[in-house]
Structures are given as C-alpha cells and as structure tokens.
Amino acid sequence: MKIRFTFFFIVFSGCILYSQDLSKEHIIEITEAIPGLIKDHYVFPEKGKEISEKIQRKVRSKVYTEFTEPNALALVLTKDLKELGNDGHLYVTVKKKSDNEENINWEDIEKHNEIEKNFGFTDIKILENNIGYLKIVEFMHPKRSMPTAVAAMKIVEQTQALIIDLRNNGGGYPGIMEYILHHYFDGPPEHVSTTYFAKAENTDKTYTSDLIYGKLRIGTPLYILINSKTGSAAEYFAYTLQAFNKAIVVGEKSAGAAHMNDFFELPHGFKISISVAAPINAKTHKNWELTGVIPDYITTSDLALQKALGLLMK
C-alpha cells in the first residue's frame, strides 16, 4: 500500500467563511454533482448506488436551496450523507483558497514535523521487569522514518514483553506500521488483509514479510494501547494483531476510521470526501469502520498503561 491514510478529527478545521452567500443556482450546481461522484467512486458499488439514489432524491426536492451560507450548506450535506451512508469518511467541505496557499511547500512542512517528533517515535524505554515501551504518535513517511523504526525495535529487542502506545495516533503511512507488525509473524508470507476499491480489478492483498532487521518477537507478549483518537493506520495495526491473536489491546474504543478516502472537486470551492478503498481483515472478514477497534480490556485513556502493566505483572 502506498497510500497515506490518516484520520482527521476536525473535519471542518480547514474551512474559511466566504464573504458572499451562494445563489440558488450555485447550490443546485453543487448538490447535483454529488450523486454521480458517489455512484462512480464509492468503494462498494452497490452501497454507492444506494447512497447516490437517496441523496439524489433530496437534491431534487430542492431542500438545500435555503442554505445559502457556504459552511451551513457543507454542514447539512455532511449530516445527511453520514446518515444516509453510515460512513464517517463521507462529507463535504468548503474552502476559500488563500492568496499564498500555492507558495506553501507541504513536503518541507512534513519533513520538519518528522524531525520534531523523532519520526513518530517520541518515547522508547525499558521499564521494570524488562518490559519494552514504544510511544508512536504517527506512522510517518517510511523512506525517511525507517532508520528510526529499525533502531527503536533494536533497543527493545531483548525485552520479554512490549507495550506499544498508540493513544492519540491518528494514523499515517502504512510502511512503518507494517514493518513493526511483521515482527510478530514468521514462516511463509501470510495473507492479513485485502483492500477493495470501487473497481474490482484494483483489489490489493497485503501479506506479512520476513524483511526485518533484528529478532522476530514470535510468542513474546504484546500490549497495544489505544483511545478514541487512535485512527486509520494505527487502528489497522491494533485490529490486525488482535485478530491474529498476536496482541492484547487495552484502553478505549478507537475512532472507527477504516476506509481510505479521496477528495473530489465540486463547483464553487466545495469538495466531497468519498470512501474509495476499504481494507478487509483476512481473519474476521470485516474491518473497524464506525465500530472502532474494541479493546480486550476497556479502561480510560489515562489508565491504559497502568492497566497493561498490571496485566503483565500477573
């Protein structure tokens, strides 16, 4: 998987108020573009067709023409789409492009963030009783982050158990996540998930790999800490290892952001987010979309580490 999938907790954080209201003609142009995009791109074609038909009926009723304020229109469309589709990645945003946005170098900003956060590994230590602890705040770009990931796993290599703390980790790139996950599998490549796209011929299967730089951790206890802000790639990690009986998950139910989304342009500065891909676990034959990853031991986020250590002591 080369796609980056990160859960954004505040959908409308990028919205900027327009100074002018929309005309009814503009609203019709915006809303009439939505059903076709959902039908063409939604990850599950049958469900996409159903959502498309439902929102089409609302559009034809002209119910949206009273929402002339752009952000109000985006909010009501999002509310209806989420109710009709039962999908947290289906929403509408509006953004007024700032004068200097084209001059922003997003790659430089990402690289700066990686260095500030030690490529996602903000805490690496050995606790009492030879228990390793890794705090990973984000799974960052694999090409730049891999040396740090390898070093982190080498530091905890001799520990008798490992706690991986993914609380508040919203996801990121899959590469580093998969590298750590592979430490808990051996033997021939094992099928762990299949990612489905709207076009069936693009189906992508993910397998384990023995390409790690150090010792495998087969049979050593693994505890994964999660909370309500653990999303996407971090959820994939916890869900997969839990499903394959490789880890015990402790904390709060996670965010429930399994699908991978993409943005499609709508008229007059609007965009729609649509779920275009969905990873399905090879063991459970489902994923964690909306339901979240359910911990084996439920506790508050603040007490998750204490709970995991208590379980290890037993």
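A cation-pi geometry, defined here as NZ or CZ lying under 6.0 Å from the six-membered ring centre and within 45° of its normal, does not hold between Lys47 and Tyr42.
From Lys283, atom NZ reaches atom OG of Ser193 across 13.5 Å, with rounding to the nearest 0.5 Å. Atoms CG and OG1, from Leu75 and Thr93 in turn, are 10.5 Å apart once rounded to the nearest 0.5 Å. Taking OH from Tyr173 and CZ from Arg144, the interatomic distance works out to 6.0 Å, rounded to the nearest 0.5 Å. Atom CD of Glu110 sits about 11.5 Å away from atom CD1 of Ile115, to the nearest 0.5 Å. To the nearest 0.5 angstrom, His191 atom NE2 is 8.5 Å from Asn281 atom CG. Atom NE2 in His26 sits 12.0 Å away from atom CG in Asp21 (nearest 0.5 Å).
Tracing side-chain contacts under 4.5 Å through hydrophobic residues (I, L, V, M, F, W, Y), one reaches Ile212 starting from Met146; they form part of the same cluster. Hydrophobic clustering (ILVMFWY, side-chain heavy atoms < 4.5 Å, transitive): Val59 and Leu22 are in one cluster. Residues Ile218 and Ile224 share a single hydrophobic cluster, defined by chaining ILVMFWY side chains whose heavy atoms lie under 4.5 Å apart. Grouping the Ile, Leu, Val, Met, Phe, Trp and Tyr side chains by contacts below 4.5 angstrom, directly or via other members, places Val293 with Ile180. Hydrophobic cluster membership is shared by Leu211 and Ile176, with clusters built from Ile, Leu, Val, Met, Phe, Trp and Tyr side chains linked at under 4.5 angstrom.
Two residues are said to be in side-chain contact when any heavy atoms from C-beta on lie closer than 4.5 Å; Phe270 and Pro70 meet this criterion. No side-chain heavy atom of Pro174 sits less than 4.5 Å from a side-chain heavy atom of Tyr236. The closest side-chain heavy-atom distance from Leu90 to Ser275 is not below 4.5 Å. Here the side chains of Phe264 and Asp40 are not in contact, with every heavy-atom distance at 4.5 Å or above. Side-chain contact between Leu134 and Ile124 is present, with heavy atoms from C-beta onward closer than 4.5 Å. Here the side chains of Ile30 and Val94 are not in contact, with every heavy-atom distance at 4.5 Å or above. Ile28 places none of its side-chain heavy atoms less than 4.5 Å from the side chain of Glu25. In this structure, Leu81 and Ile272 have side chains that are in contact, with non-hydrogen atoms separated by less than 4.5 Å.
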Enumerate, atom names and distances included, each donor-acceptor pair closer than 3.5 Å involving a side-chain atom of residues 148-160, sequence neighbours excluded.
residue : atom : partner : partner atom : Å
Lys154  : NZ   : Glu157  : OE1          : 3.2
Lys154  : NZ   : Glu157  : OE2          : 3.2
Glu157  : OE2  : Lys215  : N            : 2.9
Gln158  : OE1  : Lys215  : NZ           : 3.4
Thr159  : OG1  : Val156  : O            : 2.6
Thr159  : OG1  : Ala161  : O            : 3.3
Thr159  : OG1  : Arg217  : NH1          : 3.4
Thr159  : OG1  : Arg217  : NH2          : 3.2
Gln160  : NE2  : Asn129  : O            : 2.7

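Of all non-hydrogen atoms in Leu266 and Lys271, the two that sit nearest each other are CD1-C, 3.9 Å. Considering every non-hydrogen atom in both Arg167 and Ala304, the closest pair reads NH1-CB, 4.0 Å. The two residues Ile27 and Phe67 come nearest to each other via the heavy atoms CD1-O, 3.5 Å. Taking all atoms of both residues into account, the shortest heavy-atom contact from Leu37 to Glu265 is CD1-O, 4.0 Å. Residue Lys58 comes nearest to Leu84 through the heavy atom pair CD-CD1, 4.4 Å, listed as atom of the first residue, atom of the second, then distance. Of all non-hydrogen atoms in Val92 and Thr78, the two that sit nearest each other are N-OG1, 2.9 Å.
Of the possible donor and acceptor atoms, none in the side chain of His89 sits under 3.5 Å from a partner among the backbone N and O of Tyr91. Counting only distance, with no hydrogens or angles, the side chain of Gln242 and the backbone of Pro295 share no donor-acceptor pair below 3.5 Å. The backbone N or O of Lys135 lies less than 3.5 Å from no partner atom in the side chain of Asp123, so there is not a single donor-acceptor pair. In this structure, Asp296 contributes its side chain and Val249 its backbone to a donor-acceptor pair below 3.5 Å. No donor-acceptor pair under 3.5 Å is formed between the side chain of Glu190 and the backbone N or O of Thr208. Of the possible polar contacts, one joining the His182 side chain to the Glu178 backbone as a donor-acceptor pair under 3.5 Å is found.
Separation of the Tyr184 and Phe244 ring centroids does not fall under the 6.0 Å cut-off.
Relative orientation of the Phe44 and His259 rings is perpendicular, given thresholds of 30° and 60° on the angle between their planes. Aromatic ring orientation, Phe237 versus Phe139: tilted (interplanar angle from 30° to 60°).
Looking only at atom types and distance, the side chain of His141 has no donor-acceptor partner in the side chain of Glu114 under 3.5 Å away.
Not counting sequence neighbours, the partners of His183 by the ring pair (Phe, Tyr, Trp, His ring centres under 6.0 Å) test are Tyr179. Residues forming a salt bridge (charged side-chain N to carboxylate O under 4.0 Å, His left out) with Lys54 (at least two apart in sequence, or on another chain): Glu50. Evaluation of the side-chain hydrogen bond (donor to acceptor under 3.5 Å, both in side chains) rule for Tyr239 yields Thr284 as partners, not counting sequence neighbours.
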Query - Steps toward salt bridge (Lys or Arg N to Asp or Glu O under 4.0 Å) verdict (Glu107, Lys111) - result: CA-CA 6 Å; Glu107 185 176 358; Lys111 288 178 179 178; 3.4 Å; yes
**Report entry** Trace of the side-chain contact (heavy atoms from CB on, under 4.5 Å) decision for Lys253 with Ile298
**Finding:** CA-CA 8 Å; Lys253 184 179 76 169; Ile298 296 176; over 6 Å; no
Query - Audit row: Gln56, Lys39, side-chain contact (heavy atoms from CB on, under 4.5 Å) steps and yes/no - result: CA-CA 11 Å; Gln56 179 75 277; Lys39 185 178 179 181; over 6 Å; no
Requested in this report: Could you walk me through whether Leu166 and Ile136 pass the side-chain contact (heavy atoms from CB on, under 4.5 Å) test, one step at a time?
Outcome: CA-CA 6 Å; Leu166 300 181; Ile136 308 175; 4.0 Å; yes
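Just one of Thr299, Asp302, Asn169, Asn168 meets the side-chain hydrogen bond (donor to acceptor under 3.5 Å, both in side chains) condition when paired with Asn227; it is Asn168.
The hydrophobic cluster containing Leu303, built from Ile/Leu/Val/Met/Phe/Trp/Tyr side-chain heavy atoms closer than 4.5 Å, comprises no other residue. In the hydrophobic clustering, where aliphatic and aromatic side chains (Ile, Leu, Val, Met, Phe, Trp, Tyr) are joined below 4.5 Å either directly or transitively, Ile163 groups with Leu127, Ile131, Tyr133, Tyr223, Leu225, Ile248, Val250, Tyr297, Leu305, Leu309, Leu311, Leu312, Met313.
Shown here is Tyr207, whose OH atom has more than 12 heavy atoms of other residues, nucleotides or ligands within 6.0 Å.
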